[in-house]
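Structure first, commentary second.
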Amino acid sequence: MATTLGRPLAPHARSYAADFPILGFPTSRGKRLAYLDSAASSQKPRAVIDALVHYYEHDNANIHRGVYELAERATEAFEFAREKVARFVNAGEPAEIIWTRNTTEAINLVSFTWGLQNLKAGDAILTTQLEHHSNLVPWQLLAAKTGAELRFIEVDDEGLHELDDLDAKLKGVKLVALSHVSNTLGTIAPLDVIIPKAHAAGAVVLVDGAQSVPHFKIDVQALDVDFFAASGHKMCGPTGIGFLYGKRALLEAMPPFMTGGDMIREVGYEHTTFNELPWKFEAGTSNIADAIALGAAVDYLESVGMDWIAAHERALTGYALERLQPFVKRGLAIYGPRELAHRSGVISFNFADIHAHDLASILDTEGVCVRAGHHCTMPLMEKMGWPATARASFYLYNTNEDVDQLCDALDKAATVFRLA
Ligand SMILES: Cc1ncc(COP(=O)(O)O)c(C=O)c1O
């Protein structure tokens with residue numbers, strides 16, 4: 001079997017799509033579903049859906065407090081899921097994994113606790129021009145509250161980080177906060193350069209891993225990152241659950257974020273002492289079922305293999321970039337790093353003068369789901385001079401067939417808009 005470009009499909013033609021029930025259903029127009037919006041949220045495999053149902057049917061009870069068997073079983077499953085996530089990203093210990101609702105909450109946790117405790121006027125926060133609003137707005141507010149300065153690593157026209165002046169930019173910086181992978185352009189940040197320099201300058205580093213941990217192997221200890229934030233719903237898990245990894249020494253020195261039940265050790269009418277890690281940061285009843293289902297998602301991703309997923313997405317992105325080339329003559333603009341090695345499975349584009357929203361609507365009529373808009377990176381869009389882009393993003397369940405369907409749908413858009 002060969003692609004239309006004559007290259008063999010194997011070994012990455014192997015499809016995991018059948019593991020994802022939703023992909024088996026045609027759209028309301030009777031089209032095959034080509035889901036190319038996994039950067040926004042991934043689809044869920046049967047194993048994750050089953051884990052949720054199993055929990056509610058067999059193990060449902062509140063955790064940590066109950067002494068009866070059911071509550072103990074729920075507690076065990078919840079903490080076991082934390083162990084799975086800790087192993088998945090190679091945290092030093094499960095206590096370094098704090099459950100949050102999502103990446104956004106994990107970043108805000110650091111901003112409201114470590115940030116308010118450690119920053120003052122005269123300090124600086126360094127981020128990049130690529131950031132999702134969730135890794136920008138918290139730092140804008142922190143800077144406003146503390147008087148710290150907010151600085152930016154600039155990016156070039158391809159969306160690659162400009163590091164020539166990094167040493168100068170790091171002077172006085174207490175926190176470097178950057179995304180591992182850009183959700184708009186797919187740029188993979190050169191963490192191997194930035195993290196050691198940031199540490200040498202005395203800064204703590206937070207990595208927004210929302211777009212990296214679903215797609216390739218993460219080792220927080222090898223990266224030597226201080227904080228790492230991620231969302232379950234982008235890595236085959238349910239919505240409403242995410243996590244923050246933090247180095248124990250930093251987490252221990254931080255004040256609590258939210259307060260109330262579960263995060264306490266002892267409460268008197270006047271004073272409270274706080275629980276140990278990780279529960280110090282988990283106030284109130286946790287999202288038990290979704291944490292357990294995220295554990296099932298980790299099992300699923302490991303069973304497929306993170307190296308396979310990374311290789312598959314690279315092959316698919318390469319195939320897509322090649323298949324899209326003929327459209328360039330007809331006005332397609334493809335954004336992001338030109339070299340495959342610098343980008344993940346995200347392709348942002350515009351087609352002639354068709355507005356991205358109109359384009360996405362036409363693709364939708366052909367069963368192709370792509371996102372259109374600013375992708376929660378409004379400053380980046382403004383810098384690049386794009387009012388909006390359409391974005392196709394790949395995951396382990398996508399195949400060359402999805403890319404071919406995207407190209408056929410682009411052909412249709414060209415016809416509708418009478419492009420050459
Ligand atoms: C790079 C990046 N950071 C943060 C987020 C926010 O994730 P969530 O909405 O799950 O908190 C996203 C979501 O698209 C993202 O792509």
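Atoms within each ligand, like the ligands themselves, are counted from 1 in listed order. Along the sequence shown, the residues carry numbers beginning at 1.
When all heavy atoms of Tyr395 and Met235 are compared, the closest pair comes out as OH-CA, 3.6 Å.
Ring pair Phe243/Phe88: centre-to-centre distance not below 6.0 Å.
In this structure, Thr75 contributes its side chain and Ala71 its backbone to a donor-acceptor pair below 3.5 Å. Side-chain atoms of Glu158 come within 3.5 Å of backbone atoms of Arg338 as a donor-acceptor pair (strictly under, hydrogens ignored).
Side-chain contact between Leu178 and Glu131: present, with at least one pair of heavy atoms (C-beta onward) separated by less than 4.5 Å.
Within 4.0 Å of ligand 1, heavy atoms belong to protein residues Ala39, Asn102, Thr103, Thr104, His132, Ser134, Asn183, Asp208, Ala210, Gln211, Ser231, His233, Lys234.
Side-chain contact check for His132 and Ser134: at least one donor-acceptor pair (N or O, by modelled atom type) lies under 3.5 Å.
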